[in-house]
Every structure is written in C-alpha cells, then in structure tokens.
Q: 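One structure follows; several queries about it will come next.
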Amino acid sequence: QVKLVESGGGSVQVGGSLRLSCAASGLTNSVHCMGWFRQAPGKEREGVAAIDSAGDTNYVDSVKGRFTISKDNVKNTLYLEMNNLKPEDTATYYCAAGVYVTNDYCSASGRPSWYGDWGQGTRVTVSS
C-alpha cells in the first residue's frame with residue numbers, strides 16, 4: 001500500500017499559478033504510474049496528468065501547455081505545476097498511485113478505478 005498526502009492547493013485569480021505536491025510513502029518502488037485527477041462539484045473525477053516509471057508524461061487536452069507533472073524519486077514526491085489557471089480548473093485535486101498500471105496504460109485518460117491508492121485531495125479555486 002502507498003500512502004499519499006497532497007498539499008499546495010488554495011485560491012488564486014485567473015491567470016495565476018499553483019504548485020501541488022504529493023508526498024508518497026510505503027511501497028513506492030512498486031508504483032509504475034502516478035497521476036493527478038480532479039473532481040469539480042457535481043462532476044465525475046477526471047484525469048489531468050500522468051507520469052510513468054520512465055518519466056514519460058501525458059496530459060488531458062484542457063491542461064496541455066499550462067500544467068506540468070513531475071516527480072522527485074529521491075524525495076518520493078509528485079508535483080503538478082499549474083500555470084495560467086482558469087475558472088474551469090476549480091476542483092479538488094487528487095494524486096493517485098497505480099501499482100498495477102503499466103507504462104503502456106499510464107495516461108491522463110486512465111480510469112480512476114485502475115489506481116489503488118489515493119490522497120485525501122487538495123482544493124483549488126480559481127476566481128475571475
């Protein structure tokens with residue numbers, strides 16, 4: 001099992017930036033894929049970005065060019081750098097670890113059900 005703890009959420013104005021962090025502990029060496037998801041009120045949870053064990057990244061179209069996912073394997077921390085934020089980015093953001101998600105399936109379009117371990121979420125609010 002992997003324990004995940006997110007931080008870095010907050011309230012910003014349109015065009016602002018935030019950096020989310022996700023500290024991982026536990027069986028981190030067994031994780032092939034990590035992802036960021038978000039869920040807005042009344043909407044389904046959706047994938048935002050993913051990074052596989054080779055460091056390859058993948059993004060949902062709505063955040064391409066604005067968000068960057070990265071990881072620090074020494075610190076066991078996953079990051080999501082979010083720039084040029086828009087009101088539609090408002091949501092609770094979750095990091096997830098996919099022990100059984102191989103690199104071939106590690107994608108922002110991956111199903112939440114594929115990921116076995118989740119953080120508690122961090123709220124991001126973008127106001128105009």
Q: Say you draw a straight line from CG of L80 to OG of S21; how long is it, rounded to the nearest 0.5 Å?
A: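 The CG atom of L80 sits 9.5 Å away from the OG atom of S21.
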Q: Mind checking the OG1-CE spacing from T77 to M34? Nearest 0.5 Å is all I need.
A: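 These two atoms lie 9.0 Å from each other.
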Q: Run D117 and V31 through side chain to side chain contact (heavy atoms under 4.5 Å, CB included) and show every step you take.
A: CA-CA 10 Å; D117 297 290; V31 176; over 6 Å; no
Q: Hey, quick one: are V63 and V12 part of the same hydrophobic cluster, counting side-chain heavy atoms closer than 4.5 Å, chains of contacts allowed?
A: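 In one cluster: yes.
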Q: If you take all heavy atoms of D52 and K71, which pair is closest and at what distance?
A: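 Where D52 meets K71 most closely, the heavy atoms are O-NZ, 2.9 Å.
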Q: Any chance you could measure N58, atom CG, to Y105, atom OH, to the nearest 0.5 Å?
A: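 So the CG of N58 and the OH of Y105 are separated by 14.5 Å.
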Q: Ignoring hydrogens and angles, tell me if any N or O in the side chain of T90 forms a donor-acceptor pair with the backbone of V126 under 3.5 Å.
A: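 Yes, because the side chain of T90 sits within donor-acceptor range (under 3.5 Å) of the backbone of V126.
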Q: What pair of heavy atoms forms the shortest contact from R38 to A91, and how long is it?
A: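 Minimum heavy-atom separation between R38 and A91: CB-CB, 3.8 Å.
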Q: Can you confirm whether more than 12 heavy atoms, excluding those of Q1, are under 6.0 Å from its CD atom?
A: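 No, CD of Q1 has 12 or fewer neighbouring heavy atoms, counting only those of other groups under 6.0 Å.
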Q: Under 4.5 Å between any side-chain heavy atoms of P87 and V14, yes or no?
A: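 Side-chain contact under 4.5 Å: yes.
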Q: Counting only heavy atoms not in R111, do more than 12 fall under 6.0 Å of its CZ?
A: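 No - once you tally the heavy atoms of other residues, nucleotides and ligands closer than 6.0 Å, there are 12 at most.
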Q: Say you draw a straight line from CD of E46 to CD of Q39; how long is it, rounded to the nearest 0.5 Å?
A: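 Answer for the CD-CD pair, E46 versus Q39, is 9.5 Å.
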Q: Distance check, rounded to the nearest 0.5 Å: L85 atom CG versus S11 atom OG?
A: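 Result: 11.0 Å between the selected atoms.
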Q: Give a yes or no on whether Y100 and V2 share a hydrophobic cluster (residues Ile, Leu, Val, Met, Phe, Trp, Tyr; joining criterion: side-chain heavy atoms under 4.5 Å apart).
A: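 Same hydrophobic cluster.
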Q: In this structure, which one of I69, L4, V48 forms a side-chain contact (heavy atoms from CB on, under 4.5 Å) with C95?
A: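 Of the listed residues I69, L4, V48, the side-chain contact (heavy atoms from CB on, under 4.5 Å) partner of C95 is L4.
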Q: Quick one: do the N103 and S53 side chains pair a donor with an acceptor below 3.5 Å?
A: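 Short answer, yes.
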Q: Taking everything shown except E44 itself, do over 12 heavy atoms lie less than 6.0 Å from its CD?
A: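 Counting other residues, nucleotides and ligands, CD of E44 stays at 12 neighbours or fewer.
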Q: Can you check side chain to side chain contact (heavy atoms under 4.5 Å, CB included) on H32 and V101, steps first, answer last?
A: CA-CA 6 Å; H32 298 288; V101 181; 5.7 Å; no
Q: Looking at side-chain heavy atoms only, is the closest gap between Y59 and T68 below 4.5 Å?
A: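 A side-chain contact exists here, since the closest heavy-atom pair is under 4.5 Å.
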Q: Please give me the minimum heavy-atom distance between C33 and Y115, naming the atom from each residue.
A: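 Minimum heavy-atom separation between C33 and Y115: SG-OH, 3.3 Å.
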Q: What distance do L18 atom CG and E81 atom CD have between them, rounded to the nearest 0.5 Å?
A: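 Here the interatomic distance stands at 8.5 Å.
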Q: Restricting to non-hydrogen atoms, name the atom on A50 and the atom on A108 that form the minimum distance, rounded to 0.1 Å.
A: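 Heavy-atom minimum between the residues: CB-N, 3.8 Å.
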Q: Could you go step by step and tell me if C22 and Y94 meet the side chain to side chain contact (heavy atoms under 4.5 Å, CB included) rule?
A: CA-CA 9 Å; C22 173; Y94 300 89; over 6 Å; no
Q: Between K86 and D89, does any side-chain N to carboxylate O distance fall below 4.0 Å?
A: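 No.
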Q: Report yes if the distance between the aromatic ring centroids of F67 and W36 is under 6.0 Å, otherwise no.
A: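 Not close enough - the centres of the two rings lie 6.0 Å or further apart.
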Q: Check whether any side-chain N or O of Q120 sits under 3.5 Å from a backbone N or O of E6 as a donor-acceptor pair, and report yes or no.
A: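 At least one qualifying donor-acceptor pair exists.
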Q: Could you tell me which non-hydrogen atom of V74 sits nearest to which non-hydrogen atom of D72, and how far apart they are?
A: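 Reported closest heavy-atom pair: N-OD1, 2.9 Å.
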Q: With hydrophobic residues grouped by side-chain heavy-atom distances under 4.5 Å, do V99 and L78 end up in a single group?
A: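 Per the 4.5 Å side-chain linkage, V99 and L78 are co-clustered.
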